[in-house]
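Just dropping this structure here.
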Amino acid sequence: MADTIPSTHHEDLVEAAGMPVGSGVIKPEYDPRLTNEDLAPLRKQTWGSYNIFAFWMSDVHSVGGYVTAGSLFALGLSSWQVLVSLIVGITIVYFFCNLVAKPSQATGVPYPVINRVAFGVLGANVPAIIRGLIAVAWYGIQTYLASAALDVVVLKLWPSLLPYADVNQYGFLGLPLLGWCTYAVLWVLQAAVFWTGMESIRRFIDFCGPAVYVVMFALTGYLIYKAGWGAIDLNLGDVEYHGLDAVPVMLGAIALVVSYFSGPMLNFGDFSRYGKSFTAVKRGNFLGLPVNFLMFSILTVVTASLTLPVFGELITDPVATVARIDSTFAIVLGALTFTIATIGINIVANFISPAFDFSNVSPQKISWRAGGMIAAVGSVLITPWNLYNNPDVIHYTLETLGAFIGPLFGVLIADYYLVRKQQVDVDAMFTMSPTGKYWYRKGYHLPAIIATAVGAAIAMIPVLWTGGPGMHDIAQYSWFIGCGLGFVVYLGLLKRQPAPALIKS
């Protein structure tokens with residue numbers, strides 16, 4: 001086998017997402033149109049539970065995670081209702097992440113490659129491109145949120161720049177000049193960190209998650225010091241729903257949590273493929289999702305509730321909370337920490353995902369670095385600050401993303417667990433032969449593509465038709481609608497006309 005792998009000198013190695021070049025085992029019969037060393041099955045799987053835990057810790061501990069959690073207060077729920085919604089939502093995410101993790105961990109291939117089983121060796125580009133484009137949106141959103149945190153630092157140090165933070169005085173496409181500058185700085189910084197390779201990224205991430213905890217505990221401690229322990233009140237003043245009336249709103253909040261994590265949840269196989277065992281992956285998921293998210297949620301709820309007695313208003317943005325502290329050092333330290341943490345998850349979730357997704361489209365022409373840079377450039381063009389600038393827009397953005405991600409998830413799960421019974425021919429995912437198991441019809445498996453289109457189209461109806469009867473409430477469940485329809489339609493189409501791969505097997 002060693003003779004089939006291109007030889008490279010150590011100094012010439014270009015790191016793939018998590019492993020250096022040469023980690024993918026390329027067999028002689030693998031078609032180069034479907035193969036490069038980023039996409040090929042891994043030679044060794046070495047990640048333990050801590051590596052998975054660190055990934056989720058960085059994912060959760062971002063300004064986006066805090067702002068999304070904070071946006072739930074705008075629904076009229078009390079703090080304890082928000083907390084319950086967050087925990088139930090993250091438990092659902094944990095369950096689904098375990099489902100999507102197994103096929104990639106068992107085969108050692110990333111998300112776009114495992115999709116070749118359900119969509120066909122060429123049809124897998126459909127989910128890859130959809131997920132890649134979604135990563136572009138998220139990359140922009142997270143960069144914008146990090147730049148907003150950096151704005152706080154800049155204005156604290158140089159108050160004379162305040163006019164340049166006013167979009168009405170110096171604004172372009174909805175963002176003030178200062179915002180453009182900080183966005184550009186972070187854009188370049190993230191690209192530079194990404195370009196240094198995955199080992200540097202991993203060390204960066206290992207710092208980010210714990211650093212945010214330190215700042216969050218310090219912030220909570222400061223607010224308790226100012227207001228006293230007795231000021232911790234989980235019943236906020238603007239609570240609109242009580243008893244059973246709160247249940248539908250809480251269900252919507254739970255759906256929002258699932259939608260927020262739907263992106264990294266869908267392509268979690270990009271990371272679970274490195275797990276040395278499925279047990280290690282599940283343990284890492286448990287520590288990183290329910291356990292870690294519970295602690296983060298408690299800190300979020302307590303911190304938000306204490307802003308009322310300390311500052312006289314409810315503040316759900318951690319950077320805005322830090323900015324109210326009477327200490328330049330505390331403001332700079334806190335805002336920079338949240339900025340760094342958001343950069344960390346952005347690189348992991350929104351550089352590495354499109355790196356694989358876009359590379360899958362043309363493995364010999366698009367490297368993982370090129371895929372990441374495509375996402376970076378596209379992130380500016382979508383003006384992400386207009387997608388995440390208030391709670392209503394946040395919900396609309398998440399609902400739209402959920403409508404497209406849900407069907408992809410449903411098809412993948414239905415195919416692997418119910419159709420294939422967890423049996424996959426790894427070598428068949430890398431052949432363009434018309435007799436290949438996953439060639440189907442000219443490389444495309446129409447039932448999977450049709451199921452995805454139907455699921456996404458129907459899930460988008462309530463998102464777009466918000467004025468329709470009950471549509472505003474139904475839109476919150478776009479991910480679940482899309483997932484369920486993708487799941488059911490795919491299985492229904494296969495019953496009518498079994499796939500060629502199933503007939504052969």
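Note that this is a predicted model, so its numbers are computed, not measured.
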Determine the minimum heavy-atom distance between A451 and G486, stating which atoms define it.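 Result for this residue pair: CB-O, 3.7 Å.
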Can you list the steps and then say if W187 with S379 is a side chain to side chain contact (heavy atoms under 4.5 Å, CB included)? CA-CA 9 Å; W187 191 96; S379 71; 3.8 Å; yes
Measure the CG-CG distance between L122 and L34 for me, rounded to the nearest 0.5 Å.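 One gets 6.5 Å once the value is rounded to the nearest 0.5 Å.
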Any residue meeting side-chain hydrogen bond (donor to acceptor under 3.5 Å, both in side chains) with D473, in chain and number order, not counting sequence neighbours: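 Expected list: none.
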Of all residues at least two apart in sequence or in a different chain, which pass the side-chain hydrogen bond (donor to acceptor under 3.5 Å, both in side chains) check with D151?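 With neighbours one apart ignored, the set is T182.
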More than 12 heavy atoms of other residues, nucleotides or ligands under 6.0 Å from CZ of F95: yes or no?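 Check fails, neighbour count at 12 or below.
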Taking atom OG of S104 and atom CZ of F278, what is their separation to the nearest 0.5 Å?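 It comes to 11.0 Å.
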Report yes or no: does R131 contribute a side-chain atom to a donor-acceptor pair with the main-chain N or O of G263 at less than 3.5 Å?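 At least one qualifying donor-acceptor pair exists.
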W479 side chain vs A255 backbone, donor-acceptor pair below 3.5 Å: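 No, the answer is negative, given that no donor and acceptor are paired below the 3.5 Å cut-off.
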With Q105, which residues qualify under side-chain hydrogen bond (donor to acceptor under 3.5 Å, both in side chains), at least two apart?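 Per chain and number, Q105 pairs via side-chain hydrogen bond (donor to acceptor under 3.5 Å, both in side chains) with no residue.
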Verdict with reasoning, F296 to L86, per side chain to side chain contact (heavy atoms under 4.5 Å, CB included): CA-CA 10 Å; F296 183 75; L86 290 170; over 6 Å; no
S478 versus A459, closest heavy-atom pair with distance: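 It is O-CB, 3.6 Å.
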Would one find more than 12 heavy atoms of other residues, nucleotides or ligands at under 6.0 Å from atom OH of Y164?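 Incorrect, the count does not exceed 12.
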At what distance, to the nearest 0.5 angstrom, does CG of L408 lie from CD1 of I130?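 Answer rounded to 0.5 Å: 5.0 Å.
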Y490 and I413: side chain to side chain contact (heavy atoms under 4.5 Å, CB included), yes or no, with the steps? CA-CA 10 Å; Y490 180 66; I413 298 304; over 6 Å; no
Show the nearest heavy-atom pair for residues A428 and K437, with the distance to one decimal.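 So the two residues come closest at CB-CB, 4.0 Å.
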Could you grab the distance from atom CG of L294 to atom CG of L83, nearest 0.5 Å is fine?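 One finds 6.5 Å between CG of L294 and CG of L83.
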Who are the ring pair (Phe, Tyr, Trp, His ring centres under 6.0 Å) partners of Y183, not counting sequence neighbours?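 Per chain and number, Y183 pairs via ring pair (Phe, Tyr, Trp, His ring centres under 6.0 Å) with W385.
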Determine, step by step, whether V117 and D415 satisfy the side chain to side chain contact (heavy atoms under 4.5 Å, CB included) criterion, reporting the C-alpha distance in whole Å, the side-chain angles of both residues, the deciding distance to 0.1 Å, and the verdict. CA-CA 8 Å; V117 178; D415 185 81; 3.4 Å; yes
Restricting to non-hydrogen atoms, name the atom on N125 and the atom on N360 that form the minimum distance, rounded to 0.1 Å.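 What the structure gives for the nearest pair is OD1-ND2, 2.9 Å.
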If you draw the axis of the six-membered ring of Y440, does the NZ or CZ of R116 fall within 45° of it and under 6.0 Å from the ring centre?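 No, R116 does not sit over the ring of Y440.
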Mark yes or no for whether Y417, through its side chain, and Q422, through its backbone, hold a donor-acceptor pair below 3.5 Å.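 No: the side chain of Y417 does not pair with the backbone of Q422.
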Roughly how far apart are D270 CG and D357 CG, rounded to 0.5 Å?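 Rounded to the nearest 0.5 Å, the CG-CG separation comes to 6.5 Å.
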Kindly give the heavy-atom pair with the smallest separation between P407 and G455, and that separation in Å.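 So the minimum-distance heavy-atom pair works out to CG-C, 3.6 Å.
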Is a side-chain donor or acceptor of N36 paired with a backbone partner of L39 at a separation under 3.5 angstrom?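 Answer holds: yes.
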Kindly say whether A118 contributes a backbone atom to a donor-acceptor pair with the side chain of H445 at under 3.5 angstrom?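 Such a contact is found between H445 side chain and A118 backbone.
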I'd like to know if the side chain of S359 and the backbone of F356 have a donor-acceptor N/O pair within less than 3.5 Å.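 Such a contact is absent between S359 side chain and F356 backbone.
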Atom CD1 in I114, atom CG in L412: separation rounded to 0.5 Å?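 CG of L412 is found 7.5 Å from CD1 of I114.
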Could you tell me which residues satisfy ring pair (Phe, Tyr, Trp, His ring centres under 6.0 Å) with Y416, sequence neighbours excluded, listed by chain and number?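 Ring pair (Phe, Tyr, Trp, His ring centres under 6.0 Å) check on Y416 returns nothing, list empty.
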Please find out if less than 6.0 Å separates the ring center of F293 from that of W56.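 No, the ring of F293 stays outside the 6.0 Å limit from the ring of W56, centre to centre.
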Test of understanding: with side-chain hydrogen bond (donor to acceptor under 3.5 Å, both in side chains), list the residues that count as partners of K282, not counting sequence neighbours.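 Per chain and number, K282 pairs via side-chain hydrogen bond (donor to acceptor under 3.5 Å, both in side chains) with no residue.
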If we only count heavy atoms from C-beta on, is the I481 to I461 side-chain gap below 4.5 Å?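 No; the side chains remain at least 4.5 Å from each other.
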Is it true that atom CZ of F311 has more than 12 heavy atoms of other residues, nucleotides or ligands lying nearer than 6.0 Å?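 Yes, enclosed.
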N115 side chain to Y111 main-chain N or O, any donor-acceptor pair under 3.5 Å?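 Yes.
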